[in-house]
2 protein chains.
Amino acid sequence: MTTATRPADAYPGSYGTSEGGAVGRVTLQTIADRVGVSRMTVSNAFSRPDQLSAELRATILQAADELGYVGPDPAARSLARGTTGAVGVLLTESVGSAFQDPIAAAFFGSVAQELAPTGLALALLPSVESPDRIPARDIPMDGALVYSCAGDMAPINWLIKRKLPLVFVDQAPIAGASSVLLDDRVGARAAAQHLLDLGHRRIGILTTANDRSTGIAPDPATAGAGYVSRERVEGWMSALGPAGADVTVVHLPDNTEANAEDGARILLDLDDRPTAVLCFSDLIAWTFERVARAQGVRVPEDVSVVGYDDSPIARRAQPALTTVRQDLEAKGRAAATALTRAIARSRGDASVGEGPDAVWVPTTLVVRDSTGPAPA
Amino acid sequence: MTTATRPADAYPGSYGTSEGGAVGRVTLQTIADRVGVSRMTVSNAFSRPDQLSAELRATILQAADELGYVGPDPAARSLARGTTGAVGVLLTESVGSAFQDPIAAAFFGSVAQELAPTGLALALLPSVESPDRIPARDIPMDGALVYSCAGDMAPINWLIKRKLPLVFVDQAPIAGASSVLLDDRVGARAAAQHLLDLGHRRIGILTTANDRSTGIAPDPATAGAGYVSRERVEGWMSALGPAGADVTVVHLPDNTEANAEDGARILLDLDDRPTAVLCFSDLIAWTFERVARAQGVRVPEDVSVVGYDDSPIARRAQPALTTVRQDLEAKGRAAATALTRAIARSRGDASVGEGPDAVWVPTTLVVRDSTGPAPA
DNA sequence: CGGGGTTACTGTAGCGGTACAGAAACCCGA
DNA sequence: TCGGGTTTCTGTACCGCTACAGTAACCCCG
């Protein structure tokens with residue numbers, strides 16, 4: 001990486017006394033003095049145009065422009081108004097990893113998109129706490145989204161203590177807070193039923209858990225540490241259990257290719273290799289396909305694979321993945337709406353109703369080419 | 001989508017008078033009165049622990065806890081201190097689309113990751129302006145990243161007028177502001193040279209531009225509207241031009257699969273079909289591979305393809321893509337560092353030097369299976 | 001026992017706005 | 001001409017916190 005340094009020349013951002021000779025900072029008062037009106041009138045010129053005549057407003061705005069005044073100071077305005085114009089998003093432990101996941105990234109995009117018309121900015125809150133700076137506690141915001149975090153994270157408690165309007169997404173909600181959840185049990189159940197209908201009875205599951213290492217879980221019921229994982233496992237098992245299927249659950253420490261490879265091998269190396277595999281994500285399913293192909297195991301002739309999420313990978317995979325589709329746009333929209341409603345509610349806006357919202361986003365099975373009849 | 005409503009029961013976030021009977025809001029003064037010290041001492045208990053005795057601090061903290069006081073109000077603190085603890089990121093026109101792009105998403109993740117230890121939150125600034133709320137003007141922040149935006153976007157001007165410390169990423173920098181740029185010309189040139197070395201002389205280029213529709217560009221030199229696209233085209237041409245290669249440039253309105261398909265077809269349908277294609281992104285290259293395969297054109301036997309970015313797609317593609325790798329981690333790290341330095345500089349911290357930073361992140365050619373010798 | 005240096009706490013003066021309740025001028029119909 | 005309603009502008013009182021410059025007590029040492 002090359003680093004060069006140039007003198008700060010024409011950049012308007014260079015600090016110090018700028019042209020005009022005015023030393024102190026320009027505030028409403030500066031402009032008020034210049035124009036010969038009260039500070040309040042200048043404030044109104046910027047924030048409540050209907051409170052003064054158009055001409056005076058024009059005069060004020062021009063004076064402001066000449067003085068290089070941009071607009072009311074956001075921090076001061078936040079204090080006086082009690083609103084900041086930003087909402088937070090609390091992410092998983094590692095901020096970066098949340099963006100590795102295309103599903104999470106797409107969700108944030110959708111939320112930001114939905115929030116844009118309201119003028120709210122989305123502040124990503126790192127959950128690492130340096131001793132004296134704790135974003136969840138110290139960043140000014142009007143509300144926050146809690147996205148797929150371990151339920152006991154300290155930052156969540158800061159948000160709660162601040163009494164911020166909160167929306168929990170893909171995560172066990174707190175009593176009284178709004179929530180947006182995927183209808184994961186239904187989707188997972190449909191996927192499992194699809195396999196049963198194709199005649200599969202020996203089924204593998206590749207899902208994430210908080211375990212340190214990749215390996216076979218002793219008991220499907222306890223499976224999954226994350227809320228989402230648990231929901232999906234329960235959905236799958238709700239179909240597989242009653243059907244008396246022979247289920248092997250493999251836990252992965254996280255949703256990455258490397259771990260998925262290990263997990264795939266474990267299943268493929270079993271003496272009684274499953275004839276079908278249900279995966280926590282498309283990435284895992286795609287990896288399974290790849291490992292299987294490398295071992296000469298054909299998909300779907302020898303083994304069927306089902307993904308989850310219907311991410312872009314699913315269509316690109318070869319063969320294209322049968323998966324459970326979630327509507328990320330809808331999820332983002334729901335989260336944004338729930339949050340703005342929660343904020344409105346906290347301000348006493350009666351039109352948004354009393355209690356918190358609880359939204360379930362539907363999931364649907366998408367059958368493609370990675371599943372087929374169980375081998376005889 | 002199902003929406004249910006429950007009564008707000010145990011949620012600590014429910015507003016109104018909480019236990020204790022205290023009506024007004026709890027502030028530093030409330031605690032000061034309770035403990036019998038000055039408000040300043042309470043402030044110090046939270047913000048400057050070294051300014052009072054440990055015992056008194058404990059007493060104060062306990063009283064605060066009993067009163068349900070979380071900590072100094074962020075908005076008030078921002079005003080008094082002059083810092084907010086958040087930095088903005090200005091995104092492309094559509095906030096959502098920035099997240100569709102895995103490269104952009106990974107970059108944000110990396111930036112957030114790097115910023116985390118400093119306790120700075122990353123605020124995503126939508127560029128849409130509702131009449132009275134303009135995030136770039138109204139959100140409290142200490143500095144901002146401008147990421148791959150059209151240079152004349154109004155929000156950029158707000159940021160500049162606010163005299164915020166700025167860092168321009170993947171974008172033509174402004175004199176005096178810091179910048180982080182990819183060494184695109186070098187990378188693109190290497191890719192083009194690689195094709196020349198393989199004997200290719202009839203070469204297609206698929207890149208993005210602001211044109212409305214997909215089509216052949218009349219003149220390679222004017223090609224590309226975005227800064228990044230322009231840099232890459234110049235890099236490619238710097239090798240192809242002198243070699244006297246026969247170059248056809250196709251412009252896509254954006255970096256999406258749908259448009260890439262159209263562009264790929266245009267090149268594949270040419271009478272004199274290129275023997276190699278340079279693409280603006282891996283997504284485009286991958287799409288080209290797919291369209292070629294569908295038409296029975298073999299990669300790399302009949303046509304070679306080079307991508308850009310070395311995104312996850314590149315490795316997953318079949319055949320795996322030859323591409324130009326950019327180090328997103330480094331880019332994120334550089335952007336975060338440049339920004340914190342710019343902020344420090346604006347505060348008069350002499351240890352970070354005088355002028356703005358200008359960082360170039362290196363690019364390297366990664367040869368995989370999508371390129372081969374030119375067909376005879 | 002006096003003087004210099006800490007340590008522990010306090011008072012004042014903002015930070016830069018906005019809400020709200022006037023007040024003055026203006027308008028209009030009866 | 002008078003009363004009530006608008007429109008337009010102003011004054012005051014905060015919003016909740018922190019910087020900074022004290023002040024007072026304490027400590028240590030020659």
Side-chain angles (χ1 to χ4, degrees), chain A residues 22 24-60 63-64 67-85 132-133 137-140 142 162-163 347-348, chain B residues 22 24-60 64 67-85 132-133 137-142 162-163 347-348:
Chain A
R25 190 166 167 185
V26 180
T27 73
L28 287 183
Q29 191 65 62
T30 319
I31 301 167
D33 293 347
R34 169 80 165 271
V35 179
V37 294
S38 88
R39 175 178 34 155
M40 201 53 233
T41 301
V42 181
S43 170
N44 285 333
F46 282 97
S47 306
R48 301 175 59 172
D50 56 320
Q51 295 295 299
L52 36 50
S53 68
E55 323 155 66
L56 179 54
R57 175 155 193 259
T59 312
I60 291 174
L67 289 167
Y69 184 79
V70 187
D73 180 89
R77 174 181 271 191
S78 291
L79 178 56
R81 293 227 270 224
T83 70
T84 66
D132 49 340
R133 292 180 85 120
R137 186 193 59 183
D138 300 333
I139 300 291
D142 297 334
R162 276 175 74 175
K163 303 191 182 179
R347 298 204 177 122
Chain B
R25 189 167 167 186
V26 179
T27 72
L28 287 182
Q29 191 65 61
T30 320
I31 301 167
D33 294 347
R34 168 79 164 270
V35 180
V37 292
S38 89
R39 177 182 31 164
M40 203 52 232
T41 301
V42 181
S43 170
N44 285 334
F46 282 97
S47 305
R48 301 173 59 170
D50 57 320
Q51 296 294 300
L52 36 49
S53 69
E55 324 156 64
L56 180 55
R57 176 155 192 261
T59 312
I60 291 174
L67 290 167
Y69 184 80
V70 188
D73 179 273
R77 172 182 273 191
S78 291
L79 178 57
R81 292 229 268 226
T83 70
T84 66
D132 49 340
R133 293 180 84 120
R137 186 194 58 183
D138 299 334
I139 300 290
M141 49 189 163
D142 296 334
R162 277 175 73 175
K163 304 191 181 178
R347 299 208 176 120

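Letters A, B, ... mirror the listed sequences (proteins, then strands); counts begin at 1. Only heavy atoms go into these numbers, but all of them, side chains included; no hydrogens, no water, no symmetry mates.
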| note | Nearest heavy-atom contact between B:Asp142 and B:Thr84 is OD1-N, 2.8 Å

| request: Quick one: list whatever passes side chain to side chain donor-acceptor pair (under 3.5 Å) with A:Asp73, sequence neighbours left out. | output: A:Arg25

| message | Check the phosphate of D:dC17 against B:Tyr69, side-chain N and O only, distance under 4.0 Å to OP1 or OP2. Yes or no? | response | yes

| task | Please figure out whether B:Ala80 or B:Arg57 has its closest DNA chain C nucleotide nearer the 5' end. | result | B:Arg57

| side chain to side chain contact (heavy atoms under 4.5 Å, CB included) partners for A:Ala63, two or more places apart | A:Ile31, A:Arg34, A:Val35

| task | Rounded to the nearest angstrom, tell me the gap between atom CD in A:Gln29 and atom P in D:dG11. | result | 10 Å

| At what angle, to 10 degrees, do the two end axes of the helix from C:dC1-D:dG30 to C:dA30-D:dT1 meet, given five pairs define each axis? | 30°

| For A:Ser43, what residues pass the side chain to side chain donor-acceptor pair (under 3.5 Å) criterion, not counting sequence neighbours? | none

Pairs of donor and acceptor atoms involving the side chains of residues 44-54 of chain A, under 3.5 Å and at least two apart or interchain, shall be tabulated with distances.
{"from": "A:Asn44", "atom 1": "ND2", "to": "A:Met40", "atom 2": "O", "distance (Å)": "3.4"}
{"from": "A:Ser47", "atom 1": "OG", "to": "A:Arg77", "atom 2": "NH2", "distance (Å)": "2.8"}
{"from": "A:Ser53", "atom 1": "OG", "to": "A:Leu56", "atom 2": "N", "distance (Å)": "3.3"}

| note | Sequence neighbours excluded, the answer for side chain to side chain donor-acceptor pair (under 3.5 Å) partners of A:Thr59 is none

| remark: note: A:Leu52, atom CG; D:dT8, atom C1'; distance rounded to Å ~ 8 Å

| When the distance from CG of B:Leu56 to P of D:dA25 is rounded to whole Å, what number comes out? | 17 Å

| request: Mind checking salt bridge (charged side-chain N to carboxylate O under 4.0 Å, His left out) for B:Arg81 and listing every partner two or more places apart, or none if nothing turns up? | output: none

| Can any side-chain N or O of B:Ser78 pair as donor or acceptor with the backbone N or O of B:Pro74 at less than 3.5 Å? | yes

| field | side chain to side chain donor-acceptor pair (under 3.5 Å) partners of A:Thr83, counting only residues at least two apart | value | none

| said: In the structure I gave you, are the side-chain heavy atoms of A:Val42 and A:Tyr69 within less than 4.5 Å of one another anywhere? | reply: no

| request: Heavy atoms of chain A, cut-off under 4.0 Å: which first and last nucleotide of DNA chain C, 5' to 3', fall inside that, if you could look? | output: C:dG16 to C:dC20

| task | Give A:Leu79 one of three labels, base, sugar-phosphate or nothing, depending on what nucleic acid heavy atoms sit under 4.0 Å from its own. | result | base

| message | Donor-acceptor check, side chain of A:Arg162 to backbone of B:Val70, threshold 3.5 angstrom: yes or no? | response | no

| query | Where along residues 35-51 of chain A does a heavy atom come under 4.0 Å from DNA chain C, residue by residue in number order? | reply | A:Arg39, A:Met40, A:Ser43, A:Ser47, A:Arg48

